[in-house]
Number of protein chains: 2
Amino acid sequence: MTDHPLPPTTDPLAPTADPLTPTLDSLPPAATPRVSRRTLATTVTERIREGVHRGNFPPGHQFNEVELAAHLGVSRGPVRESLQLLVHEGLLERRPHRGVFVPFLTETDIVDIFYARLALETAAFKRVITSPRPPGLIETLDATVDAIAQAAAQDDWEAVGDLDLRFHTSVIEAAGSPRLSRMYSSLISETRLCLNIMADTHPARGDLLHEHRELTQLIAGDDVGAAIKTLTQHFDEATVTLRRRLRETQEQPPPPQLPYS
Amino acid sequence: MTDHPLPPTTDPLAPTADPLTPTLDSLPPAATPRVSRRTLATTVTERIREGVHRGNFPPGHQFNEVELAAHLGVSRGPVRESLQLLVHEGLLERRPHRGVFVPFLTETDIVDIFYARLALETAAFKRVITSPRPPGLIETLDATVDAIAQAAAQDDWEAVGDLDLRFHTSVIEAAGSPRLSRMYSSLISETRLCLNIMADTHPARGDLLHEHRELTQLIAGDDVGAAIKTLTQHFDEATVTLRRRLRETQEQPPPPQLPYS
DNA sequence: TTACAAAACATTGTTTACAACTCTCCGTCG
DNA sequence: CGACGGAGAGTTGTAAACAATGTTTTGTAA
């Protein structure tokens with residue numbers, strides 16, 4: 001089933017070098033006695049989600065439960081829970097009695113994802129602009145835009161993508177609605193999936209920087225209509241770009257499947 | 001733990017009298033060989049969700065996994081999966097290593113639920129009005145409003161509530177966005193929870209009927225601004241009513257816990 | 001009587017084993 | 001040669017046992 005067409009380079013499920021999140025590899029000894037509010041399934045979920053976000057698993061890839069469990073050093077129970085969560089989140093796709101797969105995103109999906117994001121962000125924009133803004137929001141957005149400029153100057157398009165998503169997430173969070181945030185995080189997850197489907201290098205649009213600066217100014221202002229109009233255009237252009245990117249990508253054969261460790 | 005202050009009246013997890021959904025009670029024999037795309041967890045999820053929607057479990061109620069499993073005639077596996085799904089859906093609340101509970105909804109929650117619903121419906125209204133409407137939409141909405149009138153005339157407020165939710169769900173579906181629909185269904189779930197928290201009888205607002213007629217006409221028209229304005233007022237009034245209702249309800253002692261079968 | 005502590009209990013989290021389903025491969029029949 | 005059918009392997013779905021955590025109770029001492 002899983003032949004190894006590529007030399008095993010890196011572990012697609014390797015956690016980020018974040019000392020705060022205990023690695024699963026160091027689990028067999030009681031490595032997580034700290035605030036045991038963390039459950040195995042939680043950690044596994046983050047590992048898998050991270051891996052998918054990084055694009056380590058191509059569209060159509062099937063997650064084998066026993067394989068995953070063995071690789072992560074846990075049993076199938078937590079793995080199943082994690083997969084179910086990610087499915088419900090929309091990041092993965094389940095076919096009953098068949099398995100869990102990385103979905104093939106279509107142009108329709110891309111349009112829908114950005115349509116749904118626009119729906120939520122429009123509401124957030126409206127509330128953030130008309131209500132007293134949470135302190136520090138504008139500064140946070142400005143800082144993010146600066147970071148985008150810096151990353152773009154270094155041709156680090158992966159960072160640009162992350163910062164782009166962070167910008168929009170900040171606005172959503174500023175709306176102060178737990179449910180809006182919850183729903184948006186799912187959409188962000190799917191957006192990352194979108195970005196990964198594209199070519200390995202994502203030469204982002206050049207005007208992306210300018211657009212975010214403009215959005216920040218509009219959020220700092222009080223013209224809701226103008227802000228939403230610009231936001232809509234911003235999403236329209238992103239959608240167009242992604243659709244073209246997807247079409248270009250699909251014209252080339254899909255990359256071979258990445259094996260575990 | 002679970003004493004029985006009330007005589008066991010009806011099974012809080014009893015399925016609706018729908019012959020299409022096979023009951024779990026008839027499971028031990030192979031009662032579901034039909035299109036086995038249904039998994040046990042799916043059925044269990046629907047059963048529990050139905051029970052919570054009907055208000056069979058008071059706020060704060062803890063779902064005991066073994067008890068549930070025994071009552072439904074399945075093992076803890078599917079039950080755990082179901083509970084996790086409902087938690088992720090927002091209908092239930094999980095406290096790690098403690099259990100899954102029916103949440104206590106606060107005024108803040110009510111406001112947030114309707115804020116999020118408004119966000120999604122605003123987008124749906126915009127699209128439905130400005131794009132070619134799916135055929136039969138207006139007729140469906142009209143029929144639903146008629147049904148509301150009929151149910152209200154019979155003082156069947158539970159039906160009124162259901163039809164109200166169906167009306168709004170129809171509009172969302174008409175937008176044709178899988179993700180909008182997915183997110184909205186969670187919010188509808190939580191809205192039902194809201195309604196159940198209220199007194200047993202829900203004497204709905206009298207102008208609810210008129211408002212839905214007006215909304216239908218606006219959807220049939222082409223004035224997006226007017227439609228959204230009316231929609232916003234509709235939600236504002238619903239929120240105010242529910243908040244008052246909640247406050248009234250909380251002034252009285254909560255009803256005793258309902259036992260199983 | 002009250003406050004603290006330890007042990008017993010109850011419940012969830014995890015692992016392991018078993019059953020059912022789906023897909024693939026191969027043989028046979030038309 | 002192609003199509004149908006069945007056996008086999010592999011995977012997911014389910015069940016039951018084990019471990020760990022949280023809660024309650026009970027006893028003791030201040």
Next on the checklist: Run the side-chain contact (heavy atoms from CB on, under 4.5 Å) test against B:Phe167 and tell me which residues pass, sequence neighbours left out.
Outcome noted: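 B:Phe167 satisfies side-chain contact (heavy atoms from CB on, under 4.5 Å) with B:Leu141, B:Thr144, B:Val145, B:Val171, B:His212, B:Leu215, B:Thr216 once adjacent residues are dropped.
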
Checklist entry - Does D:dT12 have OP1 or OP2 sitting under 4.0 Å from an N or O in the side chain of B:Thr39? => result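 For D:dT12, neither OP1 nor OP2 has a side-chain N or O of B:Thr39 closer than 4.0 Å.
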
Item to check | Per B:Arg80 side chain, nearest of listed nucleotides C:dT11, C:dT14, D:dT12 | outcome: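 Per side-chain heavy atoms of B:Arg80, the pick is C:dT14.
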
Checklist entry - Out of D:dT11, C:dC23, C:dT12, which nucleotide sits closest to the side chain of A:Asn64? => result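 Nearest to the side-chain atoms of A:Asn64, counting from C-beta on, is D:dT11.
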
Next on the checklist: A cation-pi test, strictly: NZ or CZ of B:Arg95 under 6.0 Å from the centre of the six-membered ring of B:Phe101 and no more than 45 degrees from its axis. Yes or no?
Outcome noted: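 Flagged: B:Arg95 positioned over aromatic ring of B:Phe101.
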
Next on the checklist: Cation-pi check for A:Tyr115 against B:Arg127: NZ or CZ below 6.0 Å from the six-membered ring centre and within 45 degrees of the axis, yes or no?
Outcome noted: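 Verdict for A:Tyr115: a cation-pi partner in B:Arg127.
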
Next on the checklist: For residues 162-171 of chain B, which residue pairs pass the salt bridge (charged side-chain N to carboxylate O under 4.0 Å, His left out) check, not counting sequence neighbours?
Outcome noted: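 Listed once each, the pairs are B:Asp162-B:Arg192.
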
Value in whole Å for how far the [atom2] atom of [N] lies from [atom1] of [X]:
{"X": "A:Phe101", "N": "C:dT22", "atom1": "CZ", "atom2": "C1'", "value": "11 Å"}
{"X": "B:Glu65", "N": "C:dT14", "atom1": "CD", "atom2": "P", "value": "11 Å"}
{"X": "A:His97", "N": "D:dT14", "atom1": "NE2", "atom2": "C1'", "value": "10 Å"}
{"X": "B:Arg98", "N": "C:dC9", "atom1": "CZ", "atom2": "P", "value": "21 Å"}
{"X": "B:Gln62", "N": "D:dT21", "atom1": "CD", "atom2": "C1'", "value": "13 Å"}
{"X": "B:Arg94", "N": "D:dG22", "atom1": "CZ", "atom2": "P", "value": "14 Å"}
{"X": "B:Leu83", "N": "C:dT11", "atom1": "CG", "atom2": "P", "value": "14 Å"}
{"X": "A:Arg95", "N": "D:dT11", "atom1": "CZ", "atom2": "C1'", "value": "13 Å"}

Next on the checklist: Between B:Arg49 and B:Glu190, does any NZ, NE, NH1 or NH2 come within less than 4.0 Å of an OD or OE carboxylate oxygen?
Outcome noted: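 Not counted as a salt bridge, because no side-chain N and carboxylate O are separated by less than 4.0 Å.
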
Checklist entry - Given the side-chain rings of B:His61 and B:Phe104, with only the six-membered ring counted for Trp, is the space between their centroids under 6.0 Å? => result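 Judged by ring-centre distance (under 6.0 Å), B:His61 and B:Phe104 do not meet the cut-off.
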
Checklist entry - Does B:Glu81 have any salt bridge (charged side-chain N to carboxylate O under 4.0 Å, His left out) partners at least two apart in sequence or in another chain, and if so, which? => result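 Per chain and number, B:Glu81 pairs via salt bridge (charged side-chain N to carboxylate O under 4.0 Å, His left out) with A:Arg80.
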
Close N or O pairs between protein and nucleotides 15-17 of chain D (under 3.5 Å):
| residue | atom | partner | partner atom | Å |
| --- | --- | --- | --- | --- |
| D:dA15 | OP2 | B:Ser75 | N | 2.9 |
| D:dA15 | OP2 | B:Ser75 | OG | 3.1 |

Next on the checklist: For the CZ atom of A:Arg117 and the CG atom of A:Leu187, what is their distance to the nearest 0.5 Å?
Outcome noted: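 Separation between the atoms: 7.5 Å.
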
Listed pairs, N/O of protein and of nucleotides 6-8 of chain C, under 3.5 Å:
none

Next on the checklist: Test of understanding: with ring-ring contact (aromatic ring centres under 6.0 Å, His included), list the residues that count as partners of A:Tyr184, not counting sequence neighbours.
Outcome noted: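 By the ring-ring contact (aromatic ring centres under 6.0 Å, His included) rule, A:Tyr184 matches no residue at all.
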
